[in-house]
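Structure first, commentary second.
Just so you know, these numbers use all the heavy atoms, side chains as well, and skip hydrogens, waters and symmetry mates. It should be emphasised that the depicted structure is a prediction, and the values quoted were computed from it without experimental measurement.
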Amino acid sequence: MLAQSLTPFPDAPACLPRCIGAGTPMRDRVQAHDWDHTPLGPIASWPGSLRAAVSIVMHSAQPMFLWWGEELIQIYNDAYVPCFGVGKHPAALGQAGRQCWPEIWPIIGPQIDAVRHGREARWYADSLVPIWRNGRIEDVFWSYTYTPVFDEQDQVGGVLVVCTETTDKVLAERRRHALDLLARRLLGCRSEDDVAAAVTHSVSDNPGDLLEVLLLIGEEAMAHPPADMLTVRGAELQLCDELALSFRLSPRLPLDGAYRQFLEQFTATVCATLSRLQSDRALAQAMAESDRLNTDLNLSSRIKDEFLAMLGHELRNPLAPIVTALKLMKLRSGDHSETVHEQEVIQRQVDHLVRLVDDLLDVSRIASGKVELRKETVPLADVLNKAIEMASPLLEQKQHRLLVDVPTVRWHGDPARLAQVVSNLLSNAARYTPAGGHVTLATRIKGGTVQIQVTDDGNGIAPQLLPHIFDLFVQGNRQLDRAKGGLGIGLALVRNLVQMHGGEVSAYSAGEGRGSTFTITLPDSVAVEAAPPAASAGSAPEQKPDQGSGLRVLVVDDNQDAADSLGELLGALGYRPEVAYDPVQAIALAAAGMQDVAILDIGLPGMDGFELAGRLRQLPGGAALKLVALSGYGQENDKTRSRQAGFAAHLVKPINIAELQVALA
C-alpha cells in the first residue's frame, strides 16, 4: 500500500521527497547526497519499497541503519550518527557495507546473509561487535535486530537494522562482577602476599578491562610508577598512604569517567583489605602484648606472693627465739623481775612485728584469692572486745581514753577477720592521735545492717590523701623518725576484708589536725538479738601455761638460737627436750632412744622436715612418734601439706605457748 501511494518526485529541487524529510543534519545530508553515482540511482527513481524503508529510518528517533541492494548501500538516521564515533561518518552514507565495515564484516556479513536468504528477522542482545572508531578498534556492545525489507518483486531488497549500543551497561555489569570477585578473594587474605595474588588473579577475571595490575606497597608506591601504566594511589582516595595500584589498560576501551571510577573502586577495595590486615595485625600484636603483660603480671604476682611468703618465713625465724626467750624470762622471773618494764617493751614491739608480717601475708593471700571467710553467728560484742584487746597495748601506751558503744546483737560473719579489721582501725586511731587523746568505737544497727564507726580527735587526713587512703602502701606525711610505724597496708587490708563480707568502708576527715572517722557498713549481717550483755572491754591477765608431763621432745631447727630457746622453754614447762641442729644429728638422737614427740623445722637444709619425718618413722619405735611441724610459712596450703605428711600439728613461728601445749598434749 505504501509503495502505491508514492509517486516519482519532480526534478525541481523545491519539491523534496517527504519520505526523507528535512530539517535535521542527516535528512538534509541524505537529500543533498549524490545518489546518481551509487547503485541506488537518483532518489526520484527509488522504488516504493526503498522509499518506504528510508521513510521509516529517517523519521525514527531510534538508531536505524538500512542496507539496500546487492552491494548493501547504507542509509542511516541522525540517532545512529553518535554510534560511529570519529572516523567513518559522513563517508559511510551511500557506501557499500563491506567497504564501510571491513573490521567487523566477518561477524555481521554472515548475519546479513542469513536474513537475506532466510527471509526472517534476527535478534542479537548485548553482542560484542568491535568497530573502528576514534582512531582505533573499540570494543562496542550492541543489542540489535536485522529485519528483511521486501522489494516490489517480493524479494529481500534490503536489511533494516534497529540497534542500541549497550556498551556502558555491559561494561558496568562486567566491572561490578569483577569487583565482587575481587572482594571475595580478598576476604580470605591473611597477608600482603595473599592480596598481591588476589590482585594478579583479577586480571584473569576481567581481561577485557585489565591486562595487568601491579600492587605497589611502601617505597614502591612512593616511587615513580611505570610510564605505560595508569597508577591510582591510595592517598589520592584519602585511604592508604603507602599503597598504589598500576593498571595496564585495554587499548580497545576509552579511558572515560566510568573506566577511571572502576579503577578507583578496585584500588579502594584493595586498600580496605590492607587496612583490615593492618588492623588485624595490630590487634594480634595488642593481644599478644596483652597476653605477655598478663603472663608478666601473673609471674610478678607469683614472685610477689613467694617473696612475701619468704619474707614472712625469714622474719618469723629470728622472731621465734626472741619470743621464746621472752617467755622464758617471764616464766623464770615472774612479775617481780627488775626487767618487767623492758619485757613489756620487747613484748609490744614483737607483737607489732608479728602483726606486720601477718598483714603482709594477708594482703598477698587476699589479692590471690586464697583467703576464705569462716562465717559463724556470734555476739557482736565478743568480736569487738577481741578487737579492743588486740589494740589495747597501743591505746594504753599512748594513754588514750577509749569510749565504747556496743549493742547486744548477734552477728553473722567471720569473727576473726572482723576483729582484725576493727583492731586495725583502732590501732591506726591510737597511732595517729597525740597522747591523751580520745578514741570512740560506736556501733549502730539499722534493720539487718551493722554500722561500726571508729572516731578519733587526732592528726586527721589531708583532703588530697583522702580519696586514696585505702590504696595499698599509701600513707600520710611521715616524720623523719618514722615514729608512727606501719607499712601502708593496714587500710588496704581493711577494705578487702570488708568487701569480702559484702560491705563497704569509708573515711571522713575535716582536714589535718581535725581528727578522722572510719565507717564500716555490713549489710544483711545481723542475726537475732541476744539477751546477755556485752563482755567487758578489758583484757584478761595472762595465765601461766600448764606444766608438761615429762614427755621426751626432740627439737630440730638449723637456727641454733631458736632451737636452744625452744628447748629451754620446753624444759621450763616440764618437758624433757633434746635439741638437734641438723637432720643427721636428729636421726642419731632418735636412733639412740626414740622420743615421744618430734618438733621438726620444715625448712631444714639438705633434708627438709618432711623427708626427716619419714626417716624417723622408719627407726625402731618411730611408728608411735608424734610429729609437730614448725615453719615460718603459715598459709593454709602449708598446713594441709603438713597434715598429709602425717604431722599432728603445724606451728607457725614465733610459737604461741598455748598452741604449743595443745600440740604436745
(Q) One pair to check against side-chain hydrogen bond (donor to acceptor under 3.5 Å, both in side chains): Asp405 and Thr443. What are the steps and the verdict? (A) CA-CA 6 Å; Asp405 178 12; Thr443 306; over 6 Å; no
Q: I would like to know whether Thr640 and Arg643 meet side-chain hydrogen bond (donor to acceptor under 3.5 Å, both in side chains); could you show each step before the answer?
A: CA-CA 5 Å; Thr640 301; Arg643 287 195 298 269; 3.2 Å; yes
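Between the side chain of Lys626 and the backbone N or O of Ala663, at least one donor-acceptor pair lies under 3.5 Å. Between the Arg495 side chain and the Val505 main chain, no donor and acceptor come within less than 3.5 Å of each other. With hydrogens and angles disregarded, a donor-acceptor distance shorter than 3.5 Å links the side chain of Asn294 to the backbone of Ser290. No donor-acceptor pair under 3.5 Å is formed between the side chain of Arg417 and the backbone N or O of Arg374. With Thr295 contributing its side chain and Asp291 its backbone, the two residues share a donor-acceptor pair below 3.5 Å. With hydrogens and angles ignored, the 3.5 Å screen pairs no side-chain donor or acceptor of Arg552 with any backbone N or O of Glu578. Looking at Ser423, its side chain never comes within 3.5 Å of a backbone N or O of Gln420 through a donor-acceptor pair. The main-chain N or O of Ala623 is found under 3.5 Å from a side-chain atom of Arg617 such that the two form a donor-acceptor pair. A distance-only check finds no donor-acceptor pair linking the side chain of Asp524 to the backbone of Gly448 [under 3.5 Å]. A donor-acceptor distance shorter than 3.5 angstrom exists from the side chain of Lys398 to the backbone of Ala430, with no hydrogens or angles considered.
For the pair Val652 and Asp638, the minimum side-chain heavy-atom distance is 4.5 Å or more.
In this structure, the salt bridge (Lys or Arg N to Asp or Glu O under 4.0 Å) partners of Arg292, at least two apart in sequence or on a different chain, are Glu289, Asp296. With sequence neighbours excluded, the residues satisfying side chain to side chain contact (heavy atoms under 4.5 Å, CB included) with Asp457 are Thr433, His438.
Between Lys653 and Asp601, at least one side-chain N (NZ, or NE/NH1/NH2) sits under 4.0 Å from a carboxylate O, which counts as a salt bridge.
Separation of atoms CG (Asp456) and CG (Leu402) is listed at 11.5 Å; rounding is to 0.5 Å.
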